[in-house]
Amino acid sequence: MNGVLLDVANLTMRFGGLTAIDDLSFSAQAGHITAIIGPNGAGKTTVFNCITGFYKPTLGRIALARDSATFDLAQMSGHKIASAAHVARTFQNIRLFPRMTVLENLIVAQHNKLMCASGYTIAGLFGLPSYRKAERNAVAKARGWLERIGLVDRADDEAGTLHYGAQRKLEIARALCTDPVLLCLDEPAAGLNARESAELNRLLLDIRATDGVSLLLIEHDMNVVMGISDHIVVLDYGKRIANGTPDAVRADPAVIRAYLGEPDAVESA
Amino acid sequence: MSRVTTSRGANHMAVAALKDAGLAGFVALMLAVPLVGFRTIEVGSGLGLQTRFDWVAYCVIAVIAGRLILNFWPPHWRIRRRAKAPHVSNAQHRTTMKLVALGGIGFAVALPFLPFADRYVIDLAITILIYVMLGWGLNIVVGLAGLLDLGYVAFYAVGAYSFALGSRYWGLNFWEALPMAGALAAMLGVLLGFPVLRLRGDYLAIVTLGFGEMIRLLIINLQSFTGGPNGVSGIPRPSFFGFPFAREAEAGGPMPFHELFGLDYSTQHRFIFLYFIILALALITNAFTQRIRRMPIGRAWEALREDEIACKALGINPTNTKLTAFTIGAMFGGFAGAFFATRQGFISPESFNFLESAFILAIVVLGGMGSQIGIVIATILLVALPEVGREFAEFRMLLFGAAMIAIMVWRPYGLLSRRSPTIQLGSGA
């Protein structure tokens with residue numbers, strides 16, 4: 001897999017008088033892990049919300065190239081982006097279905113496939129064998145993911161009863177059950193301890209290697225960002241201030257300025 | 001908890017308890033003076049006012065005394081809410097629920113043949129079953145999909161009127177009108193749902209409330225077609241597959257039910273038959289809901305109730321999914337409405353006011369949103385309690401209110417709030 005998977009061009013998002021994203025362009029390669037970093041309020045989550053259809057961008061184009069088809073995500077509604085363009089996402093504040101079981105969370109993620117298999121419910125109501133088979137496959141797939149994130153023994157517990165780290169992993173597994181080509185992770189390591197975030201790194205690398213899913217992530221945890229990213233885009237006040245490999249970005253004076261502030265004039269003199 | 005043993009501490013507690021009781025007494029006084037203290041009586045040709053301040057005094061004394069008893073009640077006697085319900089596994093829970101359900105269905109089928117089942121009991125049972133069915137129908141919308149619908153009675157009204165008017169203008173009988181009532185109610189559900197289901201929470205509740213009133217006003221004002229406030233009377237009774245429940249056969253008509261089975265004529269046959277119709281309708285509603293909960297669409301409803309944004313991110317179309325829930329709920333409301341019309345023989349817009357919607361919603365909420373058996377228990381409580389309380393005459397609504405408060409205090413999530421999973425690992429489909 002090679003070439004540009006996601007191409008964001010001249011993306012601008014205004015909320016009234018506030019320009020959250022200002023003429024942003026970047027691209028994410030297929031099979032890469034691309035990170036978006038920046039200080040608080042730089043507009044990272046807004047970029048995500050534009051890509052995944054939760055916001056309609058004011059200006060700009062977001063093109064996703066998949067299987068020789070190109071989708072303009074800026075013109076599609078949120079659920080279509082997930083179901084047709086196969087872009088999945090997780091949320092900064094975890095959004096599981098807390099009163100449903102872990103397994104049900106993963107089955108709901110396969111809704112569209114199962115919906116077709118159930119003949120839009122009508123065939124399913126009569127319990128046709130084709131639907132039963134589809135449901136078995138869905139359970140098998142969910143089980144596979146539960147094994148990978150180590151939650152098989154919690155499968156029938158309510159998702160809300162899992163501890164924080166497990167909920168994060170479950171949310172990632174749920175997003176992957178939609179068979180995405182691009183998975184957008186909004187601060188997946190937030191609130192995880194060192195051991196858990198190392199585990200997360202391994203999981204993300206494994207997802208890219210085994211499932212061929214490209215990743216786009218927002219992250220503050222530099223161990224995660226520098227450890228696994230192929231490419232980093234740095235935002236500040238809605239503008240791109242740097243773009244490159246982790247090493248190049250780390251050495252970029254503009255990035256250091258954005259994170260640590262301007263050196264004092266007297267001191268620098 | 002350590003007990004206060006010093007006399008100072010005890011004094012302090014006594015003062016606090018007295019203060020508390022005094023305050024409660026004051027509130028009781030303020031409420032009792034207008035509610036109990038005055039009474040209108042007929043004096044000659046007009047109305048006169050009678051004061052009953054002795055009653056007010058009794059009320060206040062009762063409240064103060066009750067409050068004092070409550071305050072000095074030894075703490076270990078108090079009902080303590082368990083921090084956590086005892087752990088019952090899903091499998092155990094499911095077996096218990098299955099047994100309860102089977103027992104309930106067995107009892108329901110046997111009821112008309114039990115010795116105490118006179119006309120009054122069967123009539124009450126029919127009323128209960130109508131509300132159970134409405135509760136189960138609304139449960140799809142409120143309990144599963146989490147859409148607060150305050151105008152559910154509109155679909156009930158449409159079902160009732162489509163049969164009443166269908167029989168008046170086109171001579172439809174109950175069995176012909178039943179599917180039509182469901183279809184019309186469902187269609188109305190789609191029509192309302194399309195523009196409205198983009199709204200969320202409180203906004204949706206307000207719009208559905210308005211819609212319920214609109215349908216009622218429409219029925220009142222389309223007088224030439226619906227009969228307006230006078231209602232529609234002479235709605236035909238259902239027949240037993242074409243055999244009427246009558247003493248004598250009509251000239252040239254089929255023989256009556258009792259002759260068909262060689263029974264003696266009894267007016268009770270018709271009621272028992274009505275009872276079984278609504279029992280069957282309710283059980284169909286239940287079976288359908290149980291089954292659809294395990295379909296992708298049912299899971300999507302519950303997911304939507306939990307988190308709409310997450311649903312969107314998983315590629316679930318929220319509008320379509322809500323619309324199906326709304327429509328299916330409406331359809332069952334329509335079926336129940338058609339049954340209501342044939343049972344009453346007369347319907348008027350008065351039967352479909354907002355209180356009815358609120359009552360059905362109360363059943364769903366008290367039962368524990370989403371719980372089928374909880375709804376049955378809540379209906380029995382809410383319908384039967386006012387009946388039992390008839391002896392208390394004017395105080396029965398007070399009892400009713402107290403019972404509702406008690407349920408909400410002890411079981412804030414409804415009578416049965418446990419949700420059984422729609423699929424389990426290992427059990428497969």
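Within every chain, numbering begins at 1; the chains are lettered A, B, ... in the order of the sequence lines, protein sequences first and strands thereafter.
Interface remark: A:Leu96 contributes backbone atoms only to the contact with chain B (heavy atom separation under 4.5 Å). Only the side chain of A:Thr178 comes within contact range of chain B, judged by heavy atoms closer than 4.5 Å. For chain B, the nearby part of A:Ala155 is the side chain; its heavy atoms alone come within less than 4.5 Å. Heavy atoms closer than 4.5 Å to chain B are found nowhere in A:Val102, neither backbone nor side chain.
The most heavy-atom pairs under 4.5 Å with chain B, out of A:Glu158, A:Met100, A:Arg89, A:Lys80, come from A:Met100. Ranked by heavy-atom pairs under 4.5 Å with chain B, the first of A:Glu104, A:Arg174, A:Glu171 is A:Glu104. Heavy-atom pairs under 4.5 Å with chain B peak, among A:Cys177, A:Gly53, A:Pro98, at A:Pro98.
Taking CG from A:Leu200 and CD1 from A:Ile172, the interatomic distance works out to 5.0 Å, rounded to the nearest 0.5 Å.
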### Task
Test B:Glu308 against B:Lys312 for salt bridge (Lys or Arg N to Asp or Glu O under 4.0 Å), laying out the working first.
CA-CA 6 Å; B:Glu308 187 173 336; B:Lys312 250 197 226 169; 5.5 Å; no
### Task
May I have the step-by-step check of side chain to side chain donor-acceptor pair (under 3.5 Å) for A:Asn105 and B:Arg299, ending in yes or no?
CA-CA 9 Å; A:Asn105 267 274; B:Arg299 296 199 189 103; over 6 Å; no
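Here A:Glu135 does not pair with B:Arg294 in a salt bridge; the nearest charged N to carboxylate O distance is not below 4.0 Å. Between A:Arg99 and B:Asp307, no side-chain nitrogen of the basic residue sits less than 4.0 Å from a carboxylate oxygen of the acidic one, so the salt-bridge criterion is not met. Using a cutoff of 4.0 Å between basic side-chain nitrogens and carboxylate oxygens, B:Glu302 and B:Arg293 are scored as salt-bridged.
Separation of the A:Tyr55 and A:Phe15 ring centroids falls under the 6.0 Å cut-off.
Side-chain contact annotation: A:Thr58 with A:Arg14, donor-acceptor N/O pair under 3.5 Å absent. A donor-acceptor contact closer than 3.5 angstrom is absent between the side chains of A:Thr161 and A:Asp157.
Among the residues in residues 317-330 of chain B, those with a non-hydrogen atom closer than 4.5 angstrom to a non-hydrogen atom of chain A are B:Asn317, B:Pro318.
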